[in-house]
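Inspection log for the structure reproduced underneath, given as structure tokens.
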Amino acid sequence: MEENVPAERCVVAVDGPSGSGKSTVSRRLATSLGARYLDTGAMYRAITWAVLRSGVDLTDAQAVAKVAGEVDLCIGTDPAGYGVTADGVSVEAEIRGPEVTAAVSAVAAVPAVRALLVARQQEMITNAGRIVVEGRDIGSVVAPDADLKVYLTASAAARAARRSAEDASDVAATAADLARRDRLDSTRKADPLAQAPDAVELDTTELGIDEVVARLRELLADRGVA
């Protein structure tokens with residue numbers, strides 16, 4: 001019997017708004033595939049942390065871009081536990097805090113920041129071979145030739161409930177913040193949040209994580225790259 005050998009290269013692009021389940025699904029899928037995992041949002045958050053630390057005006061695109069170009073950013077790709085450092089400082093906890101969350105959309109909207117990180121992300125994808133990448137513009141900009149493009153969605157209520165459960169925040173306040181970020185991310189001029197034309201849309205509102213991962217494995221099997 002011929003053994004089912006995984007393809008040497010397999011790139012899965014997972015896009016969608018905050019609270020749609022991208023991170024949990026992507027990490028679990030990467031583990032099941034024996035692949036690497038890249039959280040591009042963590043990269044933007046780390047840059048945002050560095051920008052806030054520098055004290056530059058968030059509306060000064062040139063100053064923000066300068067900080068982004070100078071910071072030494074390192075991010076791991078192990079789905080079981082990846083590290084994020086900026087200038088040698090571990091910032092895994094800090095980048096999930098309210099200050100960074102409030103500012104990340106503004107920093108991510110700076111074209112020079114996006115160009116810098118997209119180039120870095122594309123290099124990491126090429127070097128990884130088998131990798132699950134999550135973000136806002138993976139299927140449309142970062143990895144347009146991905147073997148599978150997925151756009152995860154969920155109802156506004158479900159997204160707010162999930163996110164507030166993660167950080168023990170007020171559901172109403174979380175819903176308002178998610179709506180604000182959706183608006184900013186979808187209307188920015190550089191690489192806005194958008195579903196790639198050839199992406200498979202999957203509503204996770206009523207689905208468990210294992211169900212979503214199983215569905216994605218089926219889609220990959222259909223493409224012969226699982």
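Everything numeric here is computed off the predicted structure, so don't read it as measured data.
- Thr48 places no side-chain N or O within 3.5 Å of a backbone atom of Val100 that could act as its donor or acceptor partner.
- At least one donor-acceptor pair under 3.5 Å links the side chain of Asp147 to the backbone N or O of Val11.
- Formation of a donor-acceptor pair under 3.5 Å by the Thr77 side chain with backbone atoms of Leu38 is not found in this model.
- Here the closest non-hydrogen pair linking Asp15 and Gly139 is OD2-N, 2.8 Å.
- A donor-acceptor contact closer than 3.5 angstrom links the side chains of Ser18 and Arg136.
- At least one donor-acceptor pair closer than 3.5 Å links the side chain of Arg217 to the backbone N or O of Ser32.
- In this structure, Glu123 does not pair ionically with Arg120, as no charged nitrogen and carboxylate oxygen lie closer than 4.0 Å.
- Heavy-atom contacts from other residues, nucleotides or ligands closer than 6.0 Å to CD of Glu206 number 12 or fewer.
- Under a hydrophobic-cluster definition in which Ile, Leu, Val, Met, Phe, Trp and Tyr are linked whenever side-chain heavy atoms come within less than 4.5 Å, directly or via other members, Ile131 and Val213 are assigned to different clusters.
- A salt bridge is defined here as a Lys NZ or Arg NE, NH1 or NH2 lying under 4.0 Å from an Asp or Glu carboxylate O, and Arg223 with Asp198 fails to meet this definition.
- Between the Arg36 side chain and the Ala30 main chain, no donor and acceptor come within less than 3.5 Å of each other.
- Formation of a donor-acceptor pair under 3.5 Å by the Arg45 side chain with backbone atoms of Val104 is not found in this model.
- Taken from SG in Cys10 to CG in Leu33, the straight-line distance is 5.5 Å, to the nearest 0.5 Å.
- Counted within 6.0 Å of CD on Glu201, heavy atoms from surrounding residues, nucleotides or ligands total more than 12; the atom is thus considered enclosed.
- Taking hydrophobic clusters as Ile, Leu, Val, Met, Phe, Trp and Tyr residues chained together by side-chain heavy-atom distances below 4.5 Å, Leu152 does not share a cluster with Val141.
- In terms of hydrophobic clustering, with Ile, Leu, Val, Met, Phe, Trp and Tyr side chains grouped at heavy-atom distances under 4.5 Å, Val118 and Leu116 are assigned to different clusters.
- Atom CG of Asp145 and atom CD1 of Ile125 lie 10.5 Å apart (nearest 0.5 Å).
- Checked for salt-bridge contact, Asp39 and Lys22 miss the test: no charged N lies under 4.0 Å from a carboxylate O.
- The minimum heavy-atom distance linking Ser90 with Thr85 is given by the pair CA-CG2, 4.0 Å.
- What you find for Ala35 and Arg130 is that their closest heavy atoms are CB-O, 3.4 Å.
- A single hydrophobic cluster is not seen to contain both Leu29 and Val133; linkage of ILVMFWY side chains at heavy-atom distances under 4.5 Å, directly or through other members, places them apart.
- Of all heavy-atom pairs spanning Val113 and Ala68, the tightest one is CG2-CB, 3.9 Å.
- Side-chain atoms of Ser54 come within 3.5 Å of backbone N or O of Val51 as a donor-acceptor pair.
- When hydrophobic clusters are built by joining Ile, Leu, Val, Met, Phe, Trp and Tyr residues whose side-chain heavy atoms come closer than 4.5 Å, directly or via intermediates, Leu207 is grouped together with Val132.
- Only one option out of Val67, Val91, Asp87 pairs with Arg53 in a side-chain contact (heavy atoms from CB on, under 4.5 Å); it is Asp87.
- Atom CE of residue Met124 and atom OG1 of residue Thr40 lie 10.5 Å apart, to the nearest 0.5 angstrom.
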Checklist entry - Are Val12 and Leu216 close enough, and set up right, to give a side-chain contact (heavy atoms from CB on, under 4.5 Å), and what steps lead you there? => result CA-CA 9 Å; Val12 181; Leu216 300 187; 5.5 Å; no
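- Taking CD of Glu134 as the start and OG of Ser20 as the end, the distance is 8.5 Å to the nearest 0.5 Å.
- Looking only at side-chain heavy atoms (C-beta outward), Ile47 and Leu117 come within less than 4.5 Å of each other.
- Minimum heavy-atom separation, Thr205 to Ala158: CG2-CB, 4.0 Å.
- By the 4.5 Å heavy-atom criterion applied to side chains, Val142 and Gln122 are counted as neighbours.
- Summarising the geometry, atom CG belonging to Asp137 is positioned 14.0 Å from atom CD belonging to Gln195; distances are rounded to the nearest 0.5 Å.
- Atoms CD1 and OG1, from Ile209 and Thr24 in turn, are 5.0 Å apart once rounded to the nearest 0.5 Å.
- Side chains of Ile75 and Tyr82 form a contact here, defined as non-hydrogen atoms less than 4.5 Å apart.
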